[in-house]
Amino acid sequence: MSLIEMKTPLVEMDGDEMTRILWQMIKEELILPFVDLKSEYYDLGVKHRDDTNDQVTVDSANATLRYGVAVKCATITPNAQRVEEYNLKEMWKSPNGTIRAILDGTVFRAPILVKGITPNVKSWTKPITLARHAYGDVYKNAEMLIPGPGKAELVFTDENGKETRKTIMDFKGPGVLQGMHNLDSSIESFAKCCFTYALDTKQDLWFGTKDTISKIYDRRFKDIFDDLYESTYKEAFEKAGLTYFYTLIDDAVARVMKSKGGFIWACKNYDGDVMSDMVSSAFGSLAMMTSVLVSPKGVYEYEAAHGTVQRHYYKYLKGEETSTNPVATIFAWSGAFRKRGELDNLPELMHYADVLEKATISVIESGVMTGDLALIAERQDVQKVNSKELLQTIRREMEKELND
Ligand code: NAP
Ligand code: MG
């Protein structure tokens, strides 16, 4: 069989611990036998980040801006314990944070559905993709304890020194106070990413805030989305048979619970933080959540939503058998290949991405799966396998499809 050709390299960001082991296995079993892989490799393993004073993380993000598509392995975000464990020079920042600061953009998370593992919400038959705005609001707030009576005011001083004031509260006794902000530019880029991704993945877009109560702040989000939709995206949405709608966050939540799924739910920062945990746990497993960073600069970075699965790695180091689920990492690769295929007009590469995903799902649906899924699967005759065995089973399934 001849290998499938690529044109432009993928930016490959390797990572840490158990997911680094899976990364290698996935390449050996599911990629290199089928694709003439072109990638520009960046080692974001914590030791190499330390050796390069984290320059490698910056370089990998810049490469993504040049090439357009990256695939990333989970990485350690150092804390005090990790600094000691790996003898690091510094407590380096979160690589995802560094990359996001360079690429800008919105993270879209969606579960991978398989038959035999039913979401806790019975009506959900299609994935719900959650888009979380990741700037500002309560995450960049200023707050204080109010010790006793006094007046709290909101004061804005413009460039010329002119003040605008509003009373927040005439405190008669102790209490608390908080100030927060957002930026038109950030809300606009969030909205652009959401509209573009909805068109890309052919899904409706829902957006909700609390604009009945927050008549200026939340209203600004609604207006920016509405204006951009009318001026730029409406025609494309109508052509694609898609809808965008805005509703109160309360109504959005109620509708989500009664929906079938199959849409993108855009959330403000706090709503997205809370709702993504609800949506992902209701769908089943963190090991089945995909994640893609869509940048308004038109570039994409695919990864798994979970971390480096540290507990499994320590068992692996002791020579014990582990059954770590590689599915979200496989889908990071397939997502990246499909996007590369689209951008470079390579139907064979897109087909390979489809086959890789279909084979993965069909193996699990046939009852062969890792331990985390075996625990929640409905069928009784589950065959629990280790990561390597799962990948080999998927490979055999792919060979049937691709070697014809
Ligand atoms: P984690 O790696 O997501 O794992 C938490 C637990 O979830 C695991 O112990 C395991 O449960 C289960 N799990 C997650 N992924 C799994 C998989 N693929 N297969 C089977 N089980 C899976 O989170 P963590 O242990 O809290 O974090 C470890 C490291 O990851 C940290 O250093 C953190 O900085 C980093 N992290 C990186 C990213 C990223 O790069 N995007 C995201 C989050 C965390 P059991 O142990 O019960 O089997
Ligand atoms: Mg959270």
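Both counts, for ligands and for their atoms, begin at 1 and track the order of listing. One is the number of the first residue; the rest follow in order along the sequence.
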Are Phe195 and Phe225 close enough, and set up right, to give a ring-ring contact (aromatic ring centres under 6.0 Å, His included), and what steps lead you there?
-> CA-CA 9 Å; Phe195 288 126; Phe225 267 72; 5.8 Å; yes

Ion pair check, Asp43 and Arg20, cut-off under 4.0 Å = yes

Taking the minimum heavy-atom distance to atom 20 (C) of ligand 1, which of Asn325, Ile76, Thr370 ranks first?
-> Asn325

Protein residue, atom and distance nearest to atom 30 (O) of ligand 1, heavy-atom basis = Thr308 N, 3.0 Å

Could you check whether the rings of Phe237 and Tyr233 sit parallel, tilted or perpendicular, using 30° and 60° as the cut-offs?
-> perpendicular

Indicate whether atom 37 (C) of ligand 1 is within a distance of less than 4.0 angstrom of some protein heavy atom.
-> yes

At what distance is the nearest protein heavy atom to atom 13 (N) of ligand 1, and which residue and atom is it?
-> Val309 CG1, 4.0 Å

Using a strict 4.0 Å cut-off to heavy atoms of Lys72, name the atoms of ligand 1 that fall inside it.
-> 40 (O)

Would a search of protein heavy atoms around atom 27 (O) of ligand 1 find one under 4.0 Å away?
-> no

Quick one: which ligand 1 atoms are inside 4.0 Å of a heavy atom on Arg82?
-> 29 (C), 31 (C), 32 (O)

For atom 34 (O) of ligand 1, closest protein heavy-atom neighbour | Thr77 N, 3.0 Å

Give the residue, atom name and distance (to 0.1 Å) of the protein heavy atom nearest atom 21 (N) of ligand 1.
-> His312 CE1, 3.9 Å

Cation over ring, Arg132 on Tyr139, under 6.0 Å and within 45°?
-> yes

Do any nitrogen or oxygen atoms of Ser323 come within less than 3.5 Å of a nitrogen or oxygen of ligand 1?
-> no

Report, in ascending order of atom number, the atoms of ligand 1 lying under 4.0 Å from any heavy atom of Ala287.
-> 16 (C), 17 (C), 18 (N), 19 (N)

Is any NZ, NE, NH1 or NH2 atom of the basic residue among Asp354 and Arg338 found under 4.0 Å from an Asp or Glu carboxylate oxygen of the other?
-> yes

ring-ring contact (aromatic ring centres under 6.0 Å, His included) assessment of His133 paired with Phe207 = CA-CA 11 Å; His133 184 213; Phe207 182 41; 9.0 Å; no

Which atoms of ligand 1 have any heavy atom of Thr324 under 4.0 Å away?
-> 17 (C), 18 (N), 19 (N)

Any protein heavy atom < 4.0 Å from atom 42 (C) of ligand 1 | yes

Does any donor atom in the side chain of Thr8 or Asp344 lie under 3.5 Å from an acceptor atom in the other side chain?
-> yes

Please work out whether the ring planes of Trp206 and Phe263 are parallel, tilted or perpendicular, with thresholds of 30° and 60°.
-> parallel

Heavy atom of protein inside 4.0 Å of atom 3 (O) of ligand 1, strictly below | yes

Write out the residue and atom name of the closest protein heavy atom to atom 40 (O) of ligand 1, then the distance separating them to 0.1 Å.
-> Thr75 N, 3.0 Å

Ring-face cation of Lys339 near Tyr300 (centre distance under 6.0 Å, axis angle within 45°) = yes

Glu348 side chain to Tyr352 side chain, donor-acceptor N/O pair below 3.5 angstrom = no

Sidechain N-carboxylate O distance under 4.0 Å for Lys215, Asp211 = no

Side chain, backbone, both or neither: the part of Asn96 lying under 4.0 Å from ligand 1 by heavy atom = side chain

In terms of atom number and element, which parts of ligand 1 are under 4.0 angstrom from non-hydrogen atoms of Ala74?
-> 40 (O)

Which residue and heavy atom of the protein sit nearest atom 14 (C) of ligand 1, plus the separation = His306 CB, 3.9 Å

What protein heavy atom sits nearest atom 7 (O) of ligand 1, and how far away is it?
-> Leu286 CD2, 4.7 Å

Sidechain N-carboxylate O distance under 4.0 Å for Arg219, Asp223 | yes

Would you call Asp16-Arg82 a salt bridge at under 4.0 Å N-O?
-> no

Heavy-atom gap Glu17 to ligand 1 smaller than 4.0 Å = no

Kindly state if atom 32 (O) of ligand 1 has a protein heavy atom within a strict 4.0 Å cut-off, that is, under 4.0 Å?
-> yes

Ligand-residue contact atoms, ligand 1 with Gly307, heavy atoms, under 4.0 Å = 1 (P), 2 (O), 3 (O), 30 (O), 36 (N), 37 (C), 38 (C), 42 (C), 43 (C), 44 (C)

Per-atom contacts, ligand 1 versus Glu303 - under 4.0 Å to a heavy atom = 41 (N)

Tell me which protein heavy atom sits closest to atom 46 (O) of ligand 1, plus the residue, atom name and distance to 0.1 Å.
-> Arg311 NE, 2.5 Å

Examine Asp372 against ligand 1 and note whether any of their N/O atoms are separated by less than 3.5 Å.
-> no

Check the pair Arg165, Glu163 against salt bridge (Lys or Arg N to Asp or Glu O under 4.0 Å), reporting the backbone distance first and the verdict last.
-> CA-CA 6 Å; Arg165 288 171 179 270; Glu163 282 184 0; 3.0 Å; yes

Can a salt bridge be assigned to the pair Lys72 and Glu12 using a cut-off of 4.0 Å between side-chain N and carboxylate O?
-> no

